[in-house]
Amino acid sequence: MRTVRIVFHATALATATLVLAACGTTGSGGPGKLLTLDGKPPLVIAHRGASGYLPEQTLEAYARAIELGADVIEMDLVSTKDGVLIARHDPNLAISTDVAKHPRFAARKKTIKVDGETQTGWFSNDFTLAEIKTLGGISTDAERPQEFNGKFKVVTFQEIIDFAKAKSKETGRTIAIYPETKNPTYFRDLGMPMEDKVIAAINAAGWNSKTAPIYVQSFEPGSLKYMKSKGLNTKIIQLIDGDGIDLKTGAMTYAVPVDRPYEWTKAGDKRNFDVMVTPAGLAEIKTYADGIGPWKRYIVSIKGTIGPDGKPVDVNKDGKVNDADATSMAPTTLIVDAHKAGLFVHPFTFRDESRRLASDYDKDGRNEYRLYYQLGVDGVFTDFTDTALAARAEYLKSIGR
């Protein structure tokens with residue numbers, strides 16, 4: 001792990017302190033105390049493994065995350081043609097594998113809609129597991145290492161369960177897993193529902209309890225409610241998405257396919273994800289889930305500098321307008337509200353690239369983590385396990401833990 005320097009930006013710290021004071025509390029609840037729901041240090045959840053360094057959702061990426069010290073490894077589940085659950089973020093294999101370099105599969109390329117979004121590529125439901133095992137994972141971010149592309153294979157949900165158990169035994173510490181039912185309506189409409197298979201795998205692992213090292217997540221409430229009705233008793237998490245931020249106002253924007261759960265779209269329900277972060281929405285979530293996984297901008301949004309033409313300004317003059325040209329806004333009360341409802345909060349996704357960091361974090365992702373830790377998050381989804389852990393260690397030290 002590289003040597004790190006923690007410098008918590010004064011503006012972000014002051015903003016967080018003001019909001020916490022308004023809520024009648026402080027960033028640590030007193031010397032050595034934390035504002036997490038259970039009073040324990042926040043979890044570091046390796047989002048798709050050590051995806052900042054290696055092709056995501058491969059055993060190699062998960063092994064690296066565990067080596068770095070992750071508390072939990074996270075994966076998305078989609079289905080193969082022969083009904084096997086595999087770890088991929090998208091049914092479209094073109095996004096995260098080298099399928100385009102395999103001539104034998106050229107004829108399977110097609111254009112379809114996934115959750116209302118038109119996509120062109122190769123889709124997991126058109127491939128058997130044996131065929132998918134011939135593919136290699138690739139980096140999904142051009143700024144990240146590309147030299148490992150194609151070298152590591154796609155893995156199954158069962159292989160990850162077995163791997164987490166083996167690594168827990170090897171390291172002497174419990175490695176939890178965090179599977180997501182991905183695009184469940186898409187697969188259900190194909191006659192390939194995944195929920196019963198998820199439950200079966202969890203039962204076989206002996207993990208169907210609140211104390212087991214597993215969290216089950218989905219953006220679709222119906223998927224979670226179905227599994228709960230069928231006896232799933234693990235910790236359950238409702239994910240809450242959004243498309244982007246209006247840099248003029250800092251308001252959340254919504255667009256297909258991340259405007260609302262796709263099951264709502266199919267049912268004609270035109271509400272967006274933001275209804276979930278209201279007190280009424282949180283109370284509804286509490287009836288079937290134990291926590292929420294909101295996009296981090298629901299907790300701390302950003303706002304840009306607006307020029308005379310009414311458009312956001314490229315402040316750092318790098319030719320692009322992105323998060324690096326914006327500054328953090330005052331935190332919302334979502335964490336406090338969720339905790340009042342009895343729900344833990346695991347926001348996503350924290351990343352190191354400077355283009356993803358508001359200017360007040362001084363190009364240092366550790367500053368962003370520390371703000372969220374102070375606000376009381378119960379865990380963070382991160383592509384960079386080592387950065388999250390370094391920031392957590394410094395934060396805990398700062399409050400005498």
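Side-chain atoms of Thr349 and Arg351, non-hydrogen and from C-beta on, do get closer than 4.5 Å to each other. Between Met276 and Ile292, the closest side-chain pair of non-hydrogen atoms is not below 4.5 Å. Considering only heavy atoms from C-beta on, Leu343 comes within 4.5 Å of Leu282 through its side chain.
Between Lys182 and Glu195 there is no salt bridge, since none of the side-chain N atoms of the basic residue sits less than 4.0 Å from a carboxylate O of the acidic one. Using a 4.0 Å cut-off between charged side-chain N and carboxylate O, Glu67 and Arg64 make a salt bridge. In this structure, Glu131 does not pair ionically with Lys81, as no charged nitrogen and carboxylate oxygen lie closer than 4.0 Å. By the 4.0 Å N-to-carboxylate-O rule, Arg144 lies close enough to Glu353 to be salt-bridged with it. Classification of Lys320 and Asp325 as a salt-bridged pair fails, no side-chain N sitting under 4.0 Å from a carboxylate O. Classification of Asp141 and Arg356 as a salt-bridged pair holds, one side-chain N sitting under 4.0 Å from a carboxylate O. Using a 4.0 Å cut-off between charged side-chain N and carboxylate O, Glu263 and Lys266 make no salt bridge.
Between Tyr215 and Phe344, the angle of the ring planes goes over 60°, which puts this pair in the perpendicular group of the 30/60° scheme.
Donor-acceptor pairing under 3.5 Å is lacking for the side chains of Asn322 and Arg355. Checked by atom type, the side-chain pair Asp378/Thr36 shows no donor-acceptor distance below 3.5 Å. No side-chain N or O of Ser96 forms a donor-acceptor pair with one of Thr140 less than 3.5 Å apart. Under 3.5 Å, the side chains of Ser354 and Tyr361 contain no donor-acceptor pair of N or O atoms.
The aromatic ring centroids of Phe105 and Phe127 lie less than 6.0 Å from each other. Taking the six-membered ring for Trp, Tyr298 and Phe273 have ring centres at least 6.0 Å apart. Between Tyr178 and Phe381, the distance from one ring center to the other falls under 6.0 angstrom. Two rings, from His47 and Phe350, have their centers 6.0 Å or more apart.
A donor-acceptor pair under 3.5 Å links the side-chain atoms of Asp71 to the main chain of Val44, judged by distance alone. With hydrogens and angles ignored, the 3.5 Å screen pairs no side-chain donor or acceptor of Tyr226 with any backbone N or O of Asp196.
Within 6.0 Å of NZ in Lys153 there are more than 12 heavy atoms belonging to other residues, nucleotides or ligands. For Lys113, the NZ atom counts as loosely surrounded, since its 6.0 Å shell holds 12 or fewer non-hydrogen atoms of other residues, nucleotides or ligands.
Of all heavy-atom pairs between Asn92 and Gly121, the closest is OD1-CA, 3.5 Å.
The line from NE2 of His102 to CZ of Arg108 is 12.0 Å long, rounded to the nearest 0.5 Å.
With sequence neighbours excluded, the residues satisfying side chain to side chain contact (heavy atoms under 4.5 Å, CB included) with Arg271 are Trp264, Asp269, Val275.
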